[in-house]
Each structure stands twice: as C-alpha cells, then as structure tokens.
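Model, not experiment: these values are computed from the prediction. These values consider heavy atoms only, across backbone and side chains, with no hydrogens, waters or symmetry-generated copies. The sequence lines fix the lettering, A, B, ..., with proteins before strands; numbering per chain opens at 1.
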Amino acid sequence: MKLDAKTPSGPIAEKWSKHKFEMKLVNPANKRKHTVIVVGTGLAGASASATMAELGYNVVTLCMHESPRRAHSIAAQGGINAAKNYQNDGDSVHRLFYDTIKGGDFRARESNVHRLAEISPNIIDQCVAQGVPFAREYGGTLSNRSFGGAQVSRTFYARGQTGQQLLIGAYQAMMRQVDAGGVKLFTRREVMDIVLVDGVARGVLARNLVTGELESYAADAVILATGGYGNVFFHSTNAKMSNATAIWRAHRRGAAFANPCFTQIHPTCIPHSGDYQSKLTLMSESLRNDGRCWVPKTPGDQRPPEQIPDDERDYYLERVYPSFGNLAPRDVASRQAKFRVDEGRGVGPTKVAVYLDFRDAIKRLGEKIVSERYGNLFDMYEKITGDNPYKVPMRIYPAVHYTMGGLWVDYNLMSTIPGLHVLGEANFSDHGANRLGASALMQGLADGYFVIPYTIGHYLAGTPLPKVDTQHEAFRAARAEIQGGIDRLMALKGSRTVDDFHRALGTIMWDQVGMSRTDVGLKKAIQDIQKLRSEFYEDVRISGEKSYINPELEKAGRVADFLELGELMARDALERKESCGGHFREEYQTPDNEALRDDENFCHVAAWEYAGQPGRTNWNRHIEPLSFENVKLATRSYK
Amino acid sequence: MASANSKKINLKLKVWRQKTREDAGRFEEISAQEIPVDASFLEMMDIVNNRLIKEGRDPIAFDHDCREGICGSCSMVINGNPHGPERGTATCQLHMRKFHDAQEIVVEPFRATAFPVIKDLSVDRTAFDRIIAAGGYVSVNTGNAPDANALPVPKEKADDAFNSATCIGCGACVAACANSSAMLFVSAKVNHLAVLPQGEPERERRVLRMMQTMEDSGFGNCSNTGACSLACPKEISFENIARMNAEYMKASIKRRD
Ligand SMILES: Cc1cc2nc3c(=O)[nH]c(=O)nc-3n(C[C@H](O)[C@H](O)[C@H](O)COP(=O)(O)OP(=O)(O)OC[C@H]3O[C@@H](n4cnc5c(N)ncnc54)[C@H](O)[C@@H]3O)c2cc1C
Ligand code: FES
C-alpha cells in the first residue's frame with residue numbers, strides 16, 4: 001500500500017492557494033453530469049452536500065437518521081474556533097496553526113492543519129450569513145470565549161448549543177438544495193458497504209431502515225462523513241447511534257485506517273453512576289473558563305464541599321499548570337483528574353469524580369451572567385444528577401468523547417481507495433494525538449464547505465470514469481454479501497442481547513485501551529476482544545424481523561464492527577511504544593507523569609491495511625512519516 | 001447525593017404497540033421491574049426491552065439518539081403529555097425520580113395525521129423537513145459571505161433570534177395540539193430568520209411558502225390554546241405564533257399588491 005499525502009510544494013502559507021489554482025476544474029455544464037454520493041448529514045456531510053449542489057453537481061445524500069438535522073453534530077455544546085482575532089489579543093492564522101499542531105502533540109500533518117487555520121475565518125462569515133445566531137456583545141459584534149490549549153479568545157459560540165446552531169445552518173442550506181433539486185435526500189438509510197468497480201469507489205449499498213430492503217446507489221465518487229467511533233467504549237458522550245460501520249466496511253474494502261488508538265477522553269463529563277446508564281453526558285469545556293477543578297487535599301475527606309475551606313482544597317490544574325490553569329488541554333486535564341482519583345482524593349459517593357466549582361465565578365459575575373453563559377448546561381446537569389450546580393459544585397470525571405483516528409486521507413481528503421473521500425470526524429486528518437476544544441466543528445465545516453467542493457472537482461476532472469449503474473455485477477456481489485451477513489446474525493437466536501456484548505466490549509476498552517495503557521493490558525485486551533467476538537457470533541439474540549424497522553438488528557451490525565475495530569485500536573496502541581496526546585502508555589512517561597514522546601521512532605502516522613480473512617482478523621501496518629518544518633518539534637508544556 | 005440513590009421502583013406500563021404503518025395498533029400492558037430512580041425514561045425503556053428480547057418478544061421501537069435533549073429524536077406521549085410531565089424537558093432528559101412506585105404509565109407515540117406511525121412509538125416526521133425546504137433558510141451560497149462583523153446585530157436581536165432558533169424540531173407542539181397544528185415549529189423558524197438582517201430579503205417568500213407547505217402536509221390550524229408551548233422541551237414562546245401571523249398578513253397583502 002502506498003501512502004502519498006499529495007502535499008503541495010512551496011511555503012506552508014501558500015500551499016492551499018497554489019493548490020487551488022493548480023487543481024483541475026469541471027466546467028459548469030459538465031458538473032450536472034456528475035453524481036456524488038454523500039453519506040452523513042452532520043456538519044461535514046450537510047455542508048458538503050449543500051456546497052456541491054450549489055456548484056451544480058448532482059448530489060445524493062444518505063443518512064441513517066430520521067431527519068438530517070438529527071446528526072450527532074447537533075449535540076456539540078461549547079463552540080467553534082476561528083482565527084479572526086476580533087479580540088485583538090494576538091491571534092492569527094499562524095497561532096491557530098501552531099496551537100493545533102502543539103495541541104495534537106506533533107502527530108498531525110502540518111499542511112492540512114495550516115489549511116484548516118486559513119479557512120477558519122471564512123467559516124464564521126458563512127455561518128453568520130446563513131443566520132446562525134452566535135453570541136454577541138451589546139455593540140453588535142460577535143463574542144468570543146476561551147477554550148483549552150489556547151491563550152487567546154477565538155471561540156465563537158451560541159450559548160451552550162453551538163453545534164445545534166451550526167448544524168441547523170448547514171441543514172437549512174442543504175434543504176434549500178433539496179428543494180431546488182440539486183440534492184436527492186434519502187433518510188433512514190444505513191450504508192452497509194462501499195461498492196468498488198475496478199478498484200474505484202462507484203457507489204454504496206444501504207439498508208432502508210424502515211422497509212429492511214437493501215438498496216444500491218451508483219455515482220462517480222463517494223464521500224463518507226459518518227462521524228467518530230467513540231461508541232466502541234459503549235459509554236461515551238456520543239449519541240447512541242454514532243457508529244463506525246461505514247468507515248469500517250470501507251476499511252475492509254481497502255481504505256487504510258490511521259491512528260485508530262488516538263481517542264480523546266474529555267475531562268468534564270457527568271460521572272458514571274450505575275449499570276442502567278446508557279451514555280455519559282458532556283459538560284462543555286467552556287465551563288473551565290469560569291469553573292475551577294479541585295479535590296480535597298486529604299485523601300478520604302468526607303466533608304461536603306462547602307465545608308472544606310480553601311486552604312484544604314487542591315486546585316490541582318492551577319497548581320500543576322500555572323500558565324494554563326483550568327484551561328489545560330483535554331488529555332492533560334483528564335490524566336490529572338485520574339491521578340487525583342488514583343491518589344484516593346476522588347469525591348462524591350463513588351469517589352470516582354472531581355469537583356468543578358463555580359462558587360468564585362458566581363461571586364465575581366453574579367448568577368445572572370453565569371446562567372447566561374452556561375444556563376442550559378447547568379439545567380442539564382441538574383436534570384441528570386438532581387443537584388443544583390449554582391449551589392453545590394459539579395462532580396465530573398473524564399469520559400470518551402472524540403476519536404482523532406479515522407480513515408487515512410491525503411491532502412485532497414481522499415482515502416487509499418480512489419474516489420472514496422472522507423470528511424469530518426470520520427477521517428484522521430487534523431488533530432494528531434489530541435484535539436483542541438472547539439476544533440472539531442471547525443474541521444467538519446472546513447472540510448465540507450471549503451475543501452471538498454474544490455478537491456472533488458479535481459478528482460472528477462482528472463479521472464476516467466466509465467459509465468456504471470446499479471446493475472453492475474459489483475453491486476450484486478456486495479448485496480449478496482451483506483444479505484448473507486444479516487441472515488447469519490438473525491439466525492443465531494442465542495441468549496445474550498446486543499447491548500450485553502457492547503457493554504462487555506466497552507469494559508475491556510475502558511480498562512485496557514482507555515486513559516492509560518500498558519503492554520500487558522493491551523495484549524490481554526486483544527485476546528479478550530477476540531474471545532468476545534467469537535461468543536458474539538455464537539450467542540447473540542436479535543428479536544424482530546429483518547424485513548422491517550428493527551433497531552436491534554441495526555445495533556447488532558454496528559457492534560459486530562466495533563468488535564473488530566476495538567481489536568485494531570488495541571493493536572495500534574500496543575505498537576505505538578511512546579506516549580503522546582491522548583495515548584498514554586504507562587511505560588513511557590516523564591518523572592512528573594507527563595507524556596513522553598519518542599520522535600525518533602514514532603513521529604509518523606500509523607495507517608493500517610486490512611488483511612483479514614473471513615472469521616480471522618489481520619492487518620499490515622504502514623507509516624506516513626511526519627516532518628515539522630514550520631513548528632519546531634518540541635516537548636509540549638503547559639506549565 | 002443523587003447518584004448514591006440506589007432506590008428502585010416498579011411500574012405498570014401501558015405501551016402503544018403497532019407493527020406497521022397499516023396495522024391498527026393497540027395498548028399492551030408491560031411491567032417494568034426494579035427501575036433505578038436515577039435512570040432516565042429511555043433507560044427505563046432499555047431495561048424493559050432487554051427483558052423482552054430475553055423472553056423472545058419484540059422490543060418496543062422508539063426513536064432516540066443524543067439522549068441530551070437536543071437532537072429532537074425522542075417522541076413519546078407519557079400519561080397524555082408529549083415528553084411527559086416535566087416542563088421544558090424532552091423524554092430522554094426525564095428521570096424516573098419523577099415517578100412513584102407502582103404507578104401506571106401510559107406511553108404513546110406523537111399522534112398526528114402528518115406524523116404517521118412507523119412502528120410502536122416511532123413516527124415519520126419528514127413533513128418538518130419539507131417545511132424547512134420550502135423556505136426555512138437564507139439563500140447564500142458558500143463563499144459569498146462578507147466579514148462576519150461587517151454587519152453588527154444588536155445583542156437583543158441576536159438573543160431573540162437564538163431563542164426561536166433553539167427549537168429541536170421534535171414535534172411535541174404538534175402532538176400537544178388538538179388540531180395537530182405545526183404553527184409553533186413554523187413560527188420559531190420564521191421569527192429566527194425574520195429578526196436578523198440576513199433573513200430580511202426573503203422574509204415574505206419564506207413565510208408564505210412555509211405556511212403553504214405546512215397546510216399541504218396535513219397539519220391543522222391554530223386555535224390559540226397555547227398547549228404547544230407548554231409541551232415544548234425548549235419552551236419556545238407562544239408569542240412566536242402571533243408574530244408570525246403578523247408576518248404572514250403583511251406578506252400576503254404585499255404579494256397581492
Ligand atoms: C457532546 C459533544 C459535544 C461536543 N462539543 C463540541 C464543541 O463544542 N466544539 C467542537 O468543535 N466539537 C465538539 N464536539 C465534537 C463534534 O461535535 C463532532 O466531532 C462533529 O460534530 C462530528 O461531525 P461529523 O459531521 O463528522 O459527524 P456527525 O455529526 O456524527 O454526523 C454523522 C452523520 O453520518 C450519518 N451516518 C453515520 N453512519 C452512517 C451509515 N452507516 N449510513 C448512513 N449514514 C450514516 C449520521 O446519520 C449522521 O448524519 C462535541 C462532541 C460531543 C459528543
Ligand atoms: S434523544 Fe435527542 S432529544 Fe431526546
């Protein structure tokens with residue numbers, strides 16, 4: 001397998017403009033003749049569908065949700081970054097580029113990250129023009145807040161519902177194209193396979209989630225914007241339907257999977273409290289603008305928080321990271337919370353939590369301003385826990401939140417399968433080993449509004465694409481294979497539910513492939529996952545019918561894929577014998593417990609090629625070396 | 001503290017079961033045993049479903065995704081109230097501590113001609129997407145936007161727009177309305193865009209087209225009871241409807257001229 005990143009030559013700040021000029025164009029009359037499939041209607045998919053249809057392409061958009069507006073992006077809370085420098089606090093494209101590279105612990109491709117930073121201001125312009133109601137100052141200009149890993153205020157937000165407002169903007173732009181006929185929209189369709197003709201992506205196979213029918217869609221190019229795979233862990237902040245199926249099936253057809261082990265564990269989530277729990281709820285990072293993290297200084301201190309005086313509290317982030325304080329990046333803040341709990345200083349009934357306290361902010365700003373900034377988050381917290389965070393500090397703990405890994409893509413966002421492009425959280429491209437807060441929304445919209453509309457034209461104009469329709473043998477073969485898989489699952493009639501298996505996988509992943517990883521633990525995880533997978537294929541029980549809406553069957557297919565992906569994540573973590581960003585190997589740490597990178601041996605992207613046989617997983621590991629010409633490769637410090 | 005609460009309750013559910021769109025449907029009595037009071041309503045449904053599967057019965061179909069009250073997927077009528085008894089709360093954010101031991105709970109889908117049942121508690125709300133497609137947007141192609149701060153928008157206006165834009169498109173307003181009207185949903189979008197300068201150029205066309213599509217989709221008329229706003233998990237203000245009516249009047253008169 002050849003990994004050619006196709007990075008344009010020239011100085012970093014000129015690469016994208018130069019590339020835009022050099023790329024081939026499809027003339028307006030010919031655009032109509034090209035059909036492009038977009039899978040997913042989150043920020044990445046909806047923005048891509050809208051923009052390509054505006055340009056004149058025939059867009060066929062599929063999503064598994066009942067409505068495109070329900071995509072998981074809707075749940076993003078805190079904000080979106082952009083190098084606007086509206087606060088005049090020294091921000092610039094270069095600083096956002098620098099912060100993102102450093103935040104990612106030097107495991108992202110410089111060229112992609114720079115393009116992202118360059119595009120970021122256009123995103124805000126576009127969203128405002130669409131009517132996205134961002135927070136504003138009394139003078140009518142846009143407000144900003146700060147997010148972790150940055151010392152400037154560059155985060156734009158719409159109360160605690162930024163993802164909702166951005167997604168509604170992209171959704172509306174796309175629905176306008178649906179009305180105009182440029183986008184043909186198919187909802188409640190789950191893409192189960194990518195169809196290749198002569199090695200080139202030419203369509204998809206989808207299950208109609210209402211009728212149960214398998215449907216074929218043919219096109220000149222396929223775009224996956226299907227989101228992240230954090231639900232491998234069962235408990236995560238992701239929406240319940242978020243899954244890896246589309247990218248995993250693409251991986252099995254030849255798309256390399258890059259850095260699968262790079263998982264973001266978010267420091268501030270409502271802690272786990274019981275077996276019945278179906279998901280974990282995020283408390284946005286924006287809360288760390290005003291909330292202070294602490295635990296009691298004495299292990300086992302049983303007093304209620306308000307009775308613990310200040311000098312007996314350990315504001316540990318402020319203590320360990322005086323220059324970033326509570327705004328230390330996520331991987332760092334999560335690990336510190338874990339250390340405190342491991343020291344026996346955890347709080348609350350389970351002792352697996354730390355405090356996030358707004359007492360001082362309320363004193364300083366008053367309840368009204370605090371509620372204006374975070375009201376909906378405080379309400380959500382109270383609904384779930386029954387506690388009022390205006391009165392008692394929140395209890396929080398890290399939880400799986402985001403996956404930096406994903407399908408490998410080149411500078412044009414094309415995977416190792418020609419014609420198959422990957423956008424948003426589903427690709428691996430911009431965040432290295434740790435994503436900075438408010439940068440996923442930025443990346444999804446950059447990919448969809450401003451990158452793919454150009455690069456897709458370059459691909460279509462430069463590739464001979466013989467006519468292919470859904471009668472082609474490749475569609476028939478894929479359909480038979482998928483139908484066979486469904487029949488096999490339905491026939492099992494075992495004794496354990498899909499959720500049972502999913503929870504068991506989640507426990508293995510969290511214990512061994514979670515916040516801290518070891519050689520022994522990862523090897524054990526691989527064995528345990530393999531064992532669980534064979535049990536799944538003997539003992540899973542799916543009720544209902546295959547020929548009508550059947551949420552259990554849907555879940556079963558997704559969990560089957562997680563059971564393979566989980567193994568690959570463990571393998572990737574095992575092979576990466578260093579610590580970087582969210583990947584923390586206990587064997588590789590500095591004396592003060594910070595991640596110890598090994599640039600000599602691991603300054604690269606690991607891209608895994610699927611080489612399994614039916615019933616047996618196997619992979620080949622390839623690498624894309626990373627070079628840092630514009631940001632000096634240095635130890636990351638937030639002290 | 002809440003999460004220390006290990007209290008469990010037992011409940012008698014009466015759940016709407018309907019195999020297909022065409023099926024007549026009926027209530028089925030299902031017991032929900034040993035439900036932790038800290039569980040959400042949907043987690044209670046998960047527990048029940050897991051038992052049904054183990055007993056070889058068909059689990060109850062329902063829509064859900066974010067479980068954080070923002071995606072608008074969950075859609076149950078609980079004891080006669082869309083999203084249940086707690087104000088400003090979607091089903092997924094409703095917790096079992098709001099119920100008591102041995103309580104009977106009736107669970108039905110959102111009912112409206114425009115929202116046909118697909119199975120059990122899962123309904124088809126694509127009519128809402130059609131209404132948005134008819135005009136719920138600002139026509140601005142990607143790449144045509146001026147600098148975001150070029151056009152200042154007073155904070156009050158931005159906040160006003162936000163308050164309408166916070167609608168999650170769940171359809172509780174329709175389910176709550178005796179006439180199955182979608183006026184609250186439509187007016188929230190119309191006002192979101194009408195108060196912003198960016199929405200100005202298409203103001204009239206937007207309200208006319210969206211209202212027309214609403215009518216064509218089989219939603220009823222508004223009779224001003226305000227039930228929609230009371231059921232709304234985002235507490236979208238009833239005032240939106242009056243404001244939209246004014247918009248609509250203005251637009252109709254102008255278009256006739
Ligand atoms: C609770 C929470 C809060 C967050 N807050 C922030 C924040 O404040 N700032 C920030 O920058 N980032 C935030 N993030 C991260 C960010 O929201 C996501 O990374 C981003 O929205 C992903 O967008 P996407 O378009 O790639 O995918 P998604 O929004 O996940 O969309 C995936 C789409 O793919 C479809 N799909 C998936 N599989 C299939 C299939 N097989 N067939 C058909 N369709 C399929 C789905 O229907 C959906 O339309 C947050 C994440 C979470 C979990
Ligand atoms: S599941 Fe998303 S709003 Fe209830």
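- With a 4.5 angstrom heavy-atom cutoff, Lys84(A) touches chain B only via side-chain atoms.
- Between chain A and the options Ala161(B), Ala150(B), Gly136(B), heavy-atom pairs under 4.5 Å are most frequent for Gly136(B).
- In this structure, Arg188(A) and Val123(B) approach most closely via the heavy-atom pair NH2-O, 3.2 Å.
- Of the two parts of Asp500(A), only the side chain, counted from C-beta on, holds a non-hydrogen atom closer than 4.5 Å to a non-hydrogen atom of chain B.
- Atom NZ of residue Lys119(B) and atom CD1 of residue Ile549(A) lie 7.5 Å apart, to the nearest 0.5 angstrom.
- Among Thr166(B), Leu151(B), Ile47(B), Thr126(B), the residue making the largest number of heavy-atom pairs under 4.5 Å with chain A is Thr166(B).
- Both the backbone and the side chain of His64(B) come within contact range of chain A, each with at least one heavy atom under 4.5 Å from a heavy atom of that chain.
- Here the side chain of Gln126(A) pairs a donor or acceptor atom with the backbone of Gly143(B) at under 3.5 angstrom.
- Contacts between Ile124(A) and chain B at a heavy-atom distance below 4.5 Å involve backbone atoms as well as side-chain atoms.
- Ranked by non-hydrogen atom pairs under 4.5 Å with chain B, the options Ala71(A), Pro551(A), Ala50(A), Ser67(A) are led by Ser67(A).
- Proximity to chain B (any heavy atom under 4.5 Å) is shown, for Ser278(A), by both the backbone and the side chain.
- There is no contact between Leu445(A) and chain B, counting heavy-atom distances below 4.5 Å.
- Looking at every heavy atom in both residues, Arg136(A) comes nearest to Ala158(B) through CD-CB, 3.7 Å.
- A heavy-atom distance below 4.5 Å is not found between the side chains of Tyr137(B) and Met174(A).
- Glu66(A) and Arg125(B) are joined by a salt bridge, as a carboxylate oxygen and a charged side-chain nitrogen come within less than 4.0 angstrom of each other.
- Interface residue Phe134(A): only backbone heavy atoms are found under 4.5 Å from chain B.
- For Asp120(B), no part sits under 4.5 Å from any heavy atom of chain A, backbone or side chain.
- In this structure, the side chain of Gln93(B) does not engage the main chain of Ile384(A) through any donor-acceptor pair within 3.5 Å.
- Rounding to the nearest 0.5 angstrom, the gap separating the CZ atom in Arg51(B) from the OG1 atom in Thr497(A) is 13.5 Å.
- When each of Lys493(A), Glu54(A), Gln161(A) is checked for heavy-atom pairs under 4.5 Å with chain B, Glu54(A) comes out on top.
- Across all their heavy atoms, Thr20(B) and Tyr548(A) have their closest contact at CA-OH, 3.6 Å.
- Of the two parts of Asn122(A), neither the backbone nor the side chain holds a non-hydrogen atom closer than 4.5 Å to a non-hydrogen atom of chain B.
- Other residues, nucleotides and ligands contribute only 12 or fewer heavy atoms inside 6.0 Å of the NZ atom of Lys19(B).
- For chain A, the nearby parts of Asp129(B) are the backbone and the side chain; heavy atoms of each come within less than 4.5 Å.
- Counting heavy-atom pairs closer than 4.5 Å to chain A, the top-ranked of the candidates Ile35(B), Ile70(B), Val138(B) is Ile70(B).
- Listed here is the closest heavy atom pair of Arg541(A) and Gly56(B): NH2-CA, 3.8 Å.
- Only the backbone of Asn144(B) comes within less than 4.5 Å of a heavy atom of chain A; no side-chain atom from C-beta onward does.
- Counting only heavy atoms from C-beta outward, the side chains of Tyr276(A) and Asp38(B) approach each other to under 4.5 Å.
- Under a 3.5 Å cut-off, the side chain of Asp125(A) and the backbone N or O of Ala148(B) do form a donor-acceptor pair.
- Distance check: Leu280(A) CG to Glu68(B) CD gives 10.0 Å after rounding to the nearest 0.5 Å.
- Only the side chain of Arg209(B) has a heavy atom closer than 4.5 Å to any heavy atom of chain A.
- Of the listed residues (Ser47(A), Gly163(A), Ala239(A)), the one with the most heavy-atom contacts under 4.5 Å to chain B is Ala239(A).
- Looking at Arg70(A), its side chain does come within 3.5 Å of a backbone N or O of Cys71(B) through a donor-acceptor pair.
- When each of Leu193(B), Thr89(B), Leu196(B) is checked for heavy-atom pairs under 4.5 Å with chain A, Thr89(B) comes out on top.
- Heavy atoms of Ile53(B) lying under 4.5 Å from chain A belong to its backbone as well as its side chain.
- A distance-only check finds a donor-acceptor pair linking the side chain of Asn149(B) to the backbone of Leu142(A) [under 3.5 Å].
- At a threshold of 4.5 Å between non-hydrogen side-chain atoms, the residues Lys155(B) and Glu137(A) do not count as touching.
- Proximity of Asp159(B) to Glu372(A): side-chain heavy atoms (C-beta onward) are nowhere separated by under 4.5 Å.
- Residue Lys157(B): no heavy atom, backbone or side chain, is found under 4.5 Å from chain A.
- The environment of Phe186(A) atom CZ is dense: over 12 non-hydrogen atoms of other residues, nucleotides or ligands sit within 6.0 angstrom.
- A donor-acceptor distance shorter than 3.5 angstrom exists from the side chain of Gln164(A) to the backbone of Cys167(B), with no hydrogens or angles considered.
- The most heavy-atom pairs under 4.5 Å with chain B, out of Met380(A), Arg159(A), Gln277(A), Gln177(A), come from Arg159(A).
- Of all heavy-atom pairs spanning Gly139(A) and Pro152(B), the tightest one is O-CB, 3.9 Å.
- The part of Glu552(A) that comes within reach of chain B is its side chain, from C-beta onward, which places non-hydrogen atoms under 4.5 angstrom from that chain.
- When His65(A), Lys279(A), His72(A) are each tested for a side-chain hydrogen bond (donor to acceptor under 3.5 Å, both in side chains) with Asp65(B), only one passes: His65(A).
- Distance alone, capped at 3.5 Å, places no donor-acceptor pair between the Gln198(B) side chain and the Gln130(A) backbone.
- His192(B) contributes a side-chain N or O that, together with a main-chain N or O of Gly131(A), makes up a donor-acceptor pair within less than 3.5 Å.
- No side-chain heavy atom of Arg496(A) sits less than 4.5 Å from a side-chain heavy atom of Lys54(B).
- Between chain A and the options Ile118(B), Asp58(B), Asp124(B), heavy-atom pairs under 4.5 Å are most frequent for Ile118(B).
- Residues Phe128(B) and Tyr171(A) come closest through the heavy atom pair O-OH, 4.3 Å.
- Only the side chain of Gln165(A) comes within contact range of chain B, with at least one heavy atom under 4.5 Å from a heavy atom of that chain.
- Of the residues considered (Ala39(B), Pro154(B), Gly88(B)), Ala39(B) shows the highest number of contacts with chain A, using heavy-atom pairs under 4.5 Å.
- Of the two parts of Ser122(B), only the side chain, counted from C-beta on, holds a non-hydrogen atom closer than 4.5 Å to a non-hydrogen atom of chain A.
- Between the side chains of Arg176(A) and Asn141(B), at least one donor N or O lies within less than 3.5 Å of an accepting N or O.
- Inter-residue side-chain proximity for Met175(A) and Arg130(B) is flagged as unmet; no heavy-atom pair is nearer than 4.5 Å.
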